[in-house]
Novice: 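Got a structure for you, questions after.
Order of the sequence lines fixes the chain letters, A, B, ..., with proteins taken first and strands second; residue numbering starts at 1 for each chain.
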Amino acid sequence: MKNIQESIKEILANAVNQLYQIDWKPMQIVIEATSADFEGDFTFVVFPLLKISKKGPEQTANEIAEYLRKDTTVIASIEVVKGFVNLTVQTSYWTNFTLLNAQNISFGYSTPQSKENVLVEYSSPNTNKPLHLGHIRNNLLGFSVIQILKANGYHVKSCNLINDRGIHICKSMYAWLQQGNGETPASAQMKGDHLVGKYYVAFEKQHKLEKEALIQNGLDEETASKQTKSMLQAQELLRKWEAGDQATIDVWKTMNGWVYEGFNATYKQLGVEFDQYYYESETYLLGKKLVEEGLQQGSFFKKENGSVWVDLTADGLDQKLLLRADGTSVYITQDMGTAALKYNDFKYDKSIYVVGNEQDYHFKVLQLILAKTNKPYASGIYHLSYGMVELPEGKMKSREGTVVDADDLMQDMFDNAKQITTDLGKTEGLSLDEQNQLFQTIGLGALKYFLLKVDPKKKMMFNPKESIDFQGNTGPFIQYTHARIKSVLRNAKDTSFEFDSNQVKLSAFEKNMVKGLHQFPGIVDEAARDLSPGVICNYCYDLAKLFNQLYHEHSILKEQDENQRKFRLILCMFTAQVLNRAGALLGIQMPERM
RNA sequence: GGUUCCAUAGCUCAGCUGGAUAGAGCAACGGUUUUCUAAACCGUGGGCCGCAGGUUCGAGUCCUGCUGGAACUACCA
């Protein structure tokens, strides 16, 4: 069945061509959903036509309306308001649409894996400290974007690049060696990532003390920062690591192992996963090799001290360092290596990096370098840049302890969900396991919706003092709507859907509901185009709102008219289905009851 | 200094490629349950859409300038 928008465009193109002797294709006709304040389903704006019609807006609109009224097979009625032609579609279209799609579980989704190969890299943590709220935004965004792309028919794989190497982990290692007394996650009764994070903080504390002492002795801050005993020792560990010193590598492996265990627990709770892991310790050497190649091709150049650079002044940027004078690699070197490795593994058409907007410059540089060295995958890389999560006092900073820990936050959400659910007396009849499952679902639903509803590009505010809402435009509101529908469906005795759909009359509420459901495929498409889960969130909220209005205005199970009652039940099924599918795109589960 | 991004109700945010009287939630106040889940529904108040120009039949949306904020501009990752 052709979709209704296309049909209307055809009809309009036909009308306009006949009336004004032009040759417009249906493609050129723009229609939009009629504003709620007016009668109609779709609206055609005539202003762009005025130069051709050579008449006023109202007169032109009336001429078109007059022409369209001759054929009522698709369009039932037309109303003209100033330059706007408001079209009302035949009711049978809406009822048929509902019957056809209510039980179609792939409604809104494209044929699987018919489009390009896309690789999405997300999460990409450092291994010296636990995950925080910023990482949660990253993880949820990455996961959701993957689901959205899959729903649109892309062949998608995910990966996580672990920054397991570098001065940051050496800092934790040094502090642990100095102060740890062999402490382990088991002995400390602490998640491994938190334990390693504890030593990172300990390092920073000691480093700060030593730095202040050096400043007292007359050194400037920058020099002092480099000259503390802690920092020199951490640097020494990094050198030993690069030289392959066994004892150092053993400590490194052990501590990273603790961190991975901790990360995996957090990932599992968040519900995110990865097809493939990459480790910086395994990609940076390849990066170095690529720099050497580029040097020989003449894409890069060497300075007197032996450091290697790329000149991007022609592209409006500066010169950028690729290898230090001592031959060690920098961040971009490693990313060149990873890009090559990823392409080799996945042969992607598009490679999406879910990384914060503080690295906009970095990715601009990376893309230019890949293009300069004629890599076939240069044009396919795309930086999905998202804004920082800020606290009322500003940006989160690990070393200053102003971070909202991921595990703590999830625990808070769980506790809040438990509190509210218990207060509302909704734990009755549920086993302890079922209760915990429910608190988890609701708590995470609130958190995920809270983070995903904001446009990814924009920075967002989180105030730890004000807990995340469970009412209004929130995840639990949508989950509640789903549970409410499921409750109605459970109570429905007559589940046969044999009835005369021609007898169904659509009230304003029912029609709004159907129109809302009708939008879903377009929304899924839009979310993929913009790589924005927020689009899905807004849609879920609107749809849930529409259902609650309908629910309040109409009785479903007690409706006397059998045709009408059965149609409403179908609408319920359809709505629950779409909420469920839309929730899946966000990683939000829809409970059967709550 | 340079580059990029942002600015909408007291607060947190929507507003699709320019379209009709700028919308939600929270917070405040008031109402709705003998009836399918009240985590709901309805209502009231609250806006020079940062400022000034420009393009257009039409600008929160596009262009220019200005003000305010953020990030980047490291031989850190």
Side-chain angles (χ1 to χ4, degrees), chain A residues 30 32-38 43 45 47-48 50-51 56-57 81-84 86 124 126 128 163 165-169 222 280 303 305 307-309 316-318 320-326 328-332 334-335 356-362 364 385 387-388 390 394-395 417 420-421 423-424 426 442 446 450 453-455 457-463 466 469-481 483-492 522-523 526 529-530 534-535 537-538 541-542 544-545 547-549 551-559 568 572 593-594:
Chain A
V30 177
E32 48 201 85
T34 301
S35 154
D37 305 328
F38 298 89
T43 294
V45 183
F47 286 102
L50 299 185
K51 280 187 180 137
V81 182
K82 292 185 279 184
F84 302 88
N86 297 326
S124 305
N126 290 352
N128 60 325
N163 293 306
R165 178 206 84 95
I167 192 69
H168 50 86
I169 180 67
E222 204 185 324
E280 191 201 327
K303 287 195 176 174
N305 66 2
S307 56
V308 179
W309 297 71
L317 303 177
D318 289 331
K320 180 81 188 169
L321 176 87
L322 300 178
L323 276 184
R324 298 192 189 97
D326 62 7
T328 56
S329 65
V330 293
Y331 182 41
I332 196 109
Q334 160 248 300
D335 248 3
N357 63 11
E358 54 195 353
Q359 292 188 31
D360 286 354
Y361 181 77
H362 171 80
K364 210 182 275 179
S385 164
M388 299 289 103
E390 290 183 7
K395 204 182 155 187
I420 293 169
T421 308
D423 287 352
L424 290 170
K426 297 204 176 185
I442 297 171
F450 177 80
K453 77 172 172 185
V454 180
D455 185 327
K457 290 193 295 290
K458 295 190 177 178
K459 67 172 188 219
M460 63 181 295
M461 176 67 72
F462 174 78
N463 188 345
E466 300 166 10
D469 284 323
F470 284 66
Q471 290 176 356
N473 188 356
T474 67
F477 169 76
I478 293 155
Q479 292 173 317
Y480 171 76
T481 306
R484 193 180 219 187
I485 296 171
K486 286 295 183 172
S487 173
V488 173
L489 292 173
R490 276 194 299 274
N491 290 330
I523 295 291
E526 186 188 334
R529 259 200 332 270
D530 299 350
V535 172
C537 288
N538 290 334
Y541 177 68
D542 291 340
K545 183 104 184 153
F547 181 83
N548 283 314
Q549 288 169 336
Y551 181 89
H552 192 263
E553 292 300 319
H554 297 307
S555 182
I556 296 163
L557 298 175
K558 295 196 172 149
E559 168 62 43
R568 280 181 197 158
C572 285
R593 60 184 81 210
M594 70 182 269

Novice: Looking at every strand, decide which applies to A/Ser385 at a 4.0 Å heavy-atom threshold: base, sugar-phosphate, or nothing.
Specialist: nothing
Novice: Starting at atom CG of A/Leu557, determine the distance to atom P of B/U35, rounded to an integer number of angstrom.
Specialist: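 The distance from CG of A/Leu557 to P of B/U35 comes to 14 Å, rounded to the nearest Å.
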Novice: Nearest to the A/Val330 side chain among B/A39, B/A20, B/A77, which nucleotide is it?
Specialist: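 Among B/A39, B/A20, B/A77, the one nearest the side chain of A/Val330 is B/A77.
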Novice: Check for a donor-acceptor pair, side chain of A/Thr421 on one end and backbone N or O of A/Ala417 on the other, with a separation under 3.5 Å.
Specialist: yes
Novice: With heavy-atom distances below 4.5 Å as the criterion, would you say the side chains of A/Gln359 and A/Tyr331 are in contact?
Specialist: yes
Novice: Using the C1' atom as the reference point in each nucleotide, state the distance between B/A24 and B/A70 in Å, no decimals.
Specialist: 26 Å
Novice: Hey, does A/Asp542 reach any base, or is it just sugar-phosphate, or nothing, if we go heavy atoms under 4.0 Å?
Specialist: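 The answer is nothing, as A/Asp542 stays clear of every strand by at least 4.0 Å.
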Novice: Counting only side-chain nitrogens and oxygens, does A/Tyr361 get under 4.0 Å of the OP1 or OP2 atom of B/C72?
Specialist: no
Novice: Does a donor on one side chain and an acceptor on the other come within less than 3.5 Å for A/His362 and A/Asp335?
Specialist: yes
Novice: Taking N and O atoms by type only, does the side chain of A/Thr481 place a donor or acceptor under 3.5 Å from a partner on the base of B/A40?
Specialist: no
Novice: Measure the acute angle between the ring planes of A/Tyr541 and A/Phe477, then classify it against the limits of 30° and 60° as parallel, tilted or perpendicular.
Specialist: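 Plane angle between 30° and 60°, so tilted.
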Novice: Pick base, sugar-phosphate or nothing for A/Asp335, based on heavy-atom distances below 4.0 Å to the nucleic acid.
Specialist: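 No contact.
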Novice: Would you sort out whether A/Asn163 and A/Ser124 count as a side-chain hydrogen bond (donor to acceptor under 3.5 Å, both in side chains), showing the intermediate values?
Specialist: CA-CA 7 Å; A/Asn163 293 306; A/Ser124 305; 5.8 Å; no
Novice: Using a 4.0 Å heavy-atom cut-off, does A/Leu50 contact any base of the nucleic acid, only the sugar-phosphate backbone, or nothing at all?
Specialist: nothing
Novice: More 5' along RNA chain B: A/Glu280 or A/Val30, using each one's nearest nucleotide?
Specialist: A/Val30
Novice: Determine whether A/Ser307 and A/Leu323 make a side-chain contact, defined as any pair of heavy atoms from C-beta on separated by less than 4.5 Å.
Specialist: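 A/Ser307 vs A/Leu323: side chains apart.
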Novice: Quote, to the nearest angstrom, the P distance that separates B/G45 from B/G10.
Specialist: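 The answer is 15 Å between these two P atoms.
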Novice: Taking the nucleotide of RNA chain B with the nearest heavy atom to each, does A/Gly166 or A/Lys51 sit closer to the 5' end?
Specialist: A/Lys51
Novice: In whole Å, measure the gap between the P atoms of B/A22 and B/G50 for me.
Specialist: 15 Å
Novice: Using the C1' atoms only, state how far B/U73 lies from B/A27, rounded to an integer number of Å.
Specialist: 41 Å
Novice: Looking only at side-chain atoms of A/Glu390, point me to the closest of B/A38, B/A77, B/A70.
Specialist: B/A70
Novice: Below 4.0 angstrom from OP1 or OP2 of B/C76, is there any side-chain N or O of A/Arg324?
Specialist: yes
Novice: With distance as the sole test, does A/Arg593 use its side chain to make a donor-acceptor pair with the main-chain N or O of A/Tyr480 at under 3.5 Å?
Specialist: no
Novice: Apply the test salt bridge (Lys or Arg N to Asp or Glu O under 4.0 Å) to residues A/Glu358 and A/Lys395: give CA-CA distance (whole Å), side-chain angles for both, the deciding distance (0.1 Å), then the verdict.
Specialist: CA-CA 12 Å; A/Glu358 54 195 353; A/Lys395 204 182 155 187; 3.1 Å; yes
Novice: Measuring only the C1' atom in each nucleotide, how far is B/A59 from B/G18? A whole number of Å is fine.
Specialist: 7 Å
Novice: Separation of A/Phe477 atom CZ from B/U12 atom C1', in whole Å?
Specialist: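 Computing the A/Phe477:CZ to B/U12:C1' distance gives 17 Å.
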Novice: Tell me the interatomic distance from A/Phe547, atom CZ, to B/C41, atom C1', rounded to whole angstroms.
Specialist: 13 Å
Novice: Please determine, for the side chain of A/Asp455, which listed nucleotide (B/A14, B/C75, B/A71) has the closest atom?
Specialist: B/A14
Novice: Between the protein and nucleotides 5-7 of chain B, list the N/O to N/O atom pairs that are separated by less than 3.5 angstrom.
Specialist:
{"unit_1": "B/A7", "atom_1": "OP1", "unit_2": "A/Lys458", "atom_2": "NZ", "d": "3.3"}

Novice: Any side-chain N or O of A/Gln549 below 4.0 angstrom from OP1/OP2 of B/C42?
Specialist: yes
Novice: In whole angstrom, give the distance that lies between atom CG of A/Asn463 and atom P of B/G10.
Specialist: 18 Å
Novice: How close or far is atom P of B/C42 from atom CG of A/Asn548, stated in whole angstroms?
Specialist: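 Going from CG in A/Asn548 over to P in B/C42 covers 9 Å.
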Novice: Taking only the side-chain heavy atoms of A/Val488 (C-beta and beyond), determine which of B/C36, B/A20, B/A71 contains the nearest atom.
Specialist: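 Of the candidates, B/C36 comes closest.
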Novice: Please classify the nucleic acid contact of A/Ile167 as base, sugar-phosphate, or nothing, using heavy-atom distances under 4.0 Å.
Specialist: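 Counting heavy atoms under 4.0 Å across all strands, the contact made by A/Ile167 is with sugar-phosphate only.
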Novice: Check for me whether A/Lys303 meets the cation-pi criterion with A/Trp309, that is, NZ or CZ under 6.0 Å from the six-membered ring centre and within 45 degrees of the ring axis.
Specialist: yes
Novice: Measure from CD on A/Gln359 to C1' on B/U4 and round the result to the nearest Å.
Specialist: 14 Å
Novice: Rounded to the Å, how far apart are A/Tyr551 OH and B/A40 P?
Specialist: 13 Å
Novice: Let's test your reading of the pairing rules: Watson-Crick or G-U wobble, both distances under 3.5 Å, then write RNA chain B as a dot-bracket string with ( ), [ ], | and dots.
Specialist: (((((((..((((.....[...)))).(((((.......))))).....(((((..]....))))))))))))....
Novice: What's the gap between B/U44 and B/C48 when it is taken at their C1' atoms, as a whole Å value?
Specialist: 24 Å
Novice: Would you mind classifying the nucleic acid contact of A/Thr421 as base, sugar-phosphate or nothing, using non-hydrogen atoms under 4.0 angstrom?
Specialist: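 Since a base atom lies under 4.0 Å of A/Thr421, the category is base.
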Novice: Where the side chain of A/Asn126 meets the backbone of A/Asn128, is there a donor-acceptor pair that is under 3.5 Å apart?
Specialist: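 Pair absent, no side-chain N/O of A/Asn126 close to backbone of A/Asn128.
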Novice: Which parts of nucleotides 21-34 of chain B does protein reach within less than 4.0 Å, heavy atoms only, written one letter per nucleotide 5' to 3' as B for base, S for sugar-phosphate only and - for none?
Specialist: ---SSS--------
Novice: How about A/Pro57 and A/Leu50: do any of their side-chain heavy atoms sit closer than 4.5 Å?
Specialist: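 In contact.
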Novice: With distance as the sole criterion, do the side chain of A/Lys395 and the base of B/A71 form a donor-acceptor contact below 3.5 Å?
Specialist: no
Novice: Flag as yes if A/Phe47 stacks onto the base of B/G19 (centroids under 5.5 Å, planes under 30°), otherwise no.
Specialist: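 It does: the two rings, one from A/Phe47 and one from B/G19, meet the stacking criterion.
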Novice: Please state whether the base of B/U3 and the side chain of A/Lys364 form at least one donor-acceptor pair under 3.5 Å?
Specialist: no
Novice: For A/Gln479 and A/Met594, which heavy atoms make the closest approach, and how far apart are they?
Specialist: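 The pair with the smallest heavy-atom distance is C-SD, 3.5 Å.
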Novice: Assess the side chains of A/Asp360 and A/Ser385: does a donor N or O sit below 3.5 Å from an acceptor N or O?
Specialist: yes
Novice: Can you tell me, in whole Å, how much space there is between the P of B/C26 and that of B/U64?
Specialist: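 Going atom to atom, P in each nucleotide, I get 39 Å.
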Novice: Taking only the C1' atom of each, what is the distance from B/C49 to B/C6 in whole angstrom?
Specialist: 14 Å
Novice: When the distance from CE of A/Met388 to P of B/A71 is rounded to whole Å, what number comes out?
Specialist: 10 Å
Novice: Can you tell which of B/A71, B/A20, B/A38 lies closest to the side chain of A/Val81?
Specialist: B/A20
Novice: With side chains defined as the heavy atoms from C-beta onward, is the minimum distance between A/Val488 and A/Tyr551 less than 4.5 Å?
Specialist: yes
Novice: Is there a donor-acceptor pair closer than 3.5 Å between any side-chain N or O of A/Asp469 and the backbone N or O of A/Gln471?
Specialist: no
